[in-house]
Each structure stands twice: as structure tokens, then as C-alpha cells.
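Please read the structure below before turning to the comments.
Being a predicted model, the structure only gives us computed values, none of them experimental.
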Protein chains: 2
Amino acid sequence: MPEAFDLESFLPYRLNRAAELISLSFSREYKQRFQMTRPEWRALAALGSVGRMTATEIGTHSNMHKTKVSRAVAALEERRWLKRRENEADRRVEHLELTAAGQKAYREIADLARTYQQTLDKALGPGAIERIEAGLADVERALLNRPRKRG
Amino acid sequence: MPEAFDLESFLPYRLNRAAELISLSFSREYKQRFQMTRPEWRALAALGSVGRMTATEIGTHSNMHKTKVSRAVAALEERRWLKRRENEADRRVEHLELTAAGQKAYREIADLARTYQQTLDKALGPGAIERIEAGLADVERALLNRPRKRG
DNA sequence: AATCAATGGTTACACTTGCAACCATCTCGA
DNA sequence: TCGAGATGGTTGCAAGTGTAACCATTGATT
């Protein structure tokens, strides 16, 4: 039986290290410029690209805990970047959509993101990002296919 | 100029989503079984695989903030899984090493990790993990080569 | 030797987070 | 129509986190 264990090739560790690094590197770009947290940026991005959504949908889409979504949405609303519309058929649900100001902010940060990714793309060479993302999709699929591990 | 921005293919987002998912999935395995936080597991793993290290070295090795390392080390010490040895040449430095109990715990969790990765490996097919990790290494290299982005 | 900057490590504080508990509303079945 | 459970969303609380400030020690400069 193999006694050795190399942290350096343990996927959860490697994935987290890379994610923290890239996340920090990109968030530096918008945090100071837009005074926005990462959950807020995620919610904004989801709404900006998909359009009208509910809080639960945002959570599913971007894999965020519902309390995180709740707080991010409250912050965006506070800034008048988003407004809530009630659903007449089901009054528990709130449809969320960006205001004009919210859409403007979204476009600006999306620009930043696009530029960021282009720079990275150039540094990594053609097709590299797509290959990485395909790998990540496989991992997510593998993990979500066995959602609970006998709790 | 391209107006579209697809969050779904934005690397920082994708990387983070996958990392959070896998991290959650694995930490469920050891959190309840060993009552250990992620920084503690990382420090334990670093010490277990490398051997004697200082706190700063652990931080560099596993990309953890020094306060995180400090607290993780304190927790491991509290459990008697680690002991500090002073350096006579430089009395600021503390060399850290696992106790027998710490090594035992390390072996057990390393086993868990190895099993986890094998399961994943089987689900993903041969070579998949290696390819993903190679991609991640490229990303890290690209990001670390331009460490500061004009603050 | 005295001073000042750099380094290893810890800690106080404010902020973020997840869990659990909660409120409101809806659905289903008796 | 009444209740039990499910669902959308919010909040209190305890735990985790980074920033900045700190202490101790070392190294370089004078």
C-alpha cells in the first residue's frame, strides 16, 4: 500500500490555492474601484448576464449560500443598483432586476473582467483557458453526481 | 467591440466555484471525523509531508496568511499534535514538528485524502487530474510572474 | 555601542461567513 | 378548511478571517 501522500498533487488543495490566487488578483481590480465585495459582484454578474432572477436562482447559478445572496442583494438594493419586483402568483418570491445604474456598473465591471481574461489568455496561450474550464466542468459534474456522501 | 460577457466562462469565477465545491465535499469528510478546520489540516499536511518547518515556511508552502498559520499552529499545539523547538541561532524563529500523535493523525487524514482522490480519479478517467493540475500550475505561474498590478 | 529598518510571530478589532432558527407564504391531504 | 410540511427569504449568533498594530529579535549602518 502506498504510504506517500503529496499535498502538492492533491486536487482540492491545488484547486483552492489557484482559486484564491486568481480571485485575489482580480478582486484587487474592482474592490477599490467599485467598493464591492465578491458576493455582490457575483450577484451583479448573474443578474446582468441572465436578466431577471430570484434570489434562489442566483444562489443556484453561482453556487452561493442563500444568506450570502440575501446580503449581497440587500447591499445592491441599498445602492439602487437593483430593485425587487413582487410575484403576484407566489408572494414569497421576489424577482430581482438591475436598475439603469446597476446595468451601467455591470457593463463597466464586465469590461474589466473581459480585459482581465484576455490578458490571462495571452499569457497562457491559445485554448489553454478552455481546456482548464473543461476540466473544471468534469470535476463539478463528478461531484454533483453523487451529491450526498451518507451524512 | 464585443458586448457580451459570459460569467460562465470567466476563469476566476469558474475556478472559485469548482474549488468551493470540492473543498466543501472533502472537508465534510474530515471535519466531523477529526474536528479540524481547513487551515489546521493544511498545516498538518505540510508538516507531515515536509517534516520540520517554520510558520513562515508553512505559509509560503500552502499559501496561507501568517495569522491563519499562527492560529492553526496554536490549535494543533493545544491538541498536542505539534511541538515548537526554538532555534538557537535566531531566537525569533520557531521550528515546528509533529508529535507522535500528530503523525498518527496525519497518516489517517492522508489516507482519507488518498482515497478521496482515487475515487475522483476513477470518476474522471485516466490522466484527467494531472491535466487539470498542469493547467492550474500554468495559471499560478502566469499570475505570480506579474506579482503587482500597479496599485 | 546606538540606532533604524527588516523579519518572525502574535493579537485586537472589525468585517464576513455559515448554521440554525425564524417569519411568511404556499401546497397537499384529510 | 384546517393543519403539517415544504419553500423563499431574513436574521441572531458564534466562529473564521484580514488588516493593522504590536512585541521581540536580528542585521546593517554609523
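Interface residues of residues 62-69 of chain A facing DNA chain D, ordered by number: A/K66, A/T67; criterion, heavy-atom separation under 4.0 Å. Within residues 82-92 of chain A, the residues approached by DNA chain D to less than 4.0 Å at the level of any non-hydrogen atom are A/R84, A/R92, in residue-number order.
Residue pairs meeting the side-chain hydrogen bond (donor to acceptor under 3.5 Å, both in side chains) criterion with at least one member in residues 62-76 of chain B, sequence neighbours excluded: B/H65-B/T67.
Straight-line distance from the CD atom of B/E78 to the P atom of C/dT10: 14 Å, rounded to whole Å. When the C1' atom of C/dT16 is taken as reference, atom CD of B/E20 falls 13 Å away, rounded to whole Å. Counting to the nearest Å, the P atom of C/dG8 and the CD atom of B/E57 are 9 Å from each other. Here the C1' atom of nucleotide C/dT16 and the CH2 atom of A/W41 are 20 Å apart, to the nearest Å.
Residues forming a side-chain hydrogen bond (donor to acceptor under 3.5 Å, both in side chains) with A/E40 (at least two apart in sequence, or on another chain): A/T37. Partners of B/K104 under the side-chain contact (heavy atoms from CB on, under 4.5 Å) rule, at least two apart in sequence or in another chain, are B/R107, B/E108. A/S23 pairs by the side-chain hydrogen bond (donor to acceptor under 3.5 Å, both in side chains) definition with A/R38, B/N16, not counting sequence neighbours. Taking B/T60 as the reference, B/T56 meet the side-chain contact (heavy atoms from CB on, under 4.5 Å) condition, with sequence neighbours excluded. Listed by chain and number, the residues in a side-chain contact (heavy atoms from CB on, under 4.5 Å) with A/N87 are A/A89, A/D90, A/V93, A/H95 (sequence neighbours excluded). The side-chain contact (heavy atoms from CB on, under 4.5 Å) test applied to A/I109 returns A/Y30, A/F34, A/M36, A/W41, A/L44, not counting sequence neighbours. Applying the ring-ring contact (aromatic ring centres under 6.0 Å, His included) rule to B/F10 yields the partners A/F26, B/F5; only residues at least two apart in sequence or on another chain are considered. For the side-chain hydrogen bond (donor to acceptor under 3.5 Å, both in side chains) test, no residue two or more places apart in sequence or in another chain qualifies with B/Q103.
With DNA chain C read from its 5' end, the first of the two nearest nucleotides for A/T37 and B/L24 is the one closest to A/T37.
Of all nucleotides in DNA chain D, those with any atom nearer than 4.0 Å to a heavy atom of chain B start and finish, going 5' to 3', at D/dG16 to D/dT26.
Of the side-chain N and O atoms in B/S70, none sit less than 4.0 angstrom from OP1 or OP2 of C/dT11.
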Between A/L136 and A/L15, does the side-chain contact (heavy atoms from CB on, under 4.5 Å) criterion hold? Intermediate values first, please. CA-CA 9 Å; A/L136 297 179; A/L15 216 37; 3.7 Å; yes

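In this structure, B/R84 pairs ionically with B/E77, as a charged nitrogen and a carboxylate oxygen lie closer than 4.0 Å.
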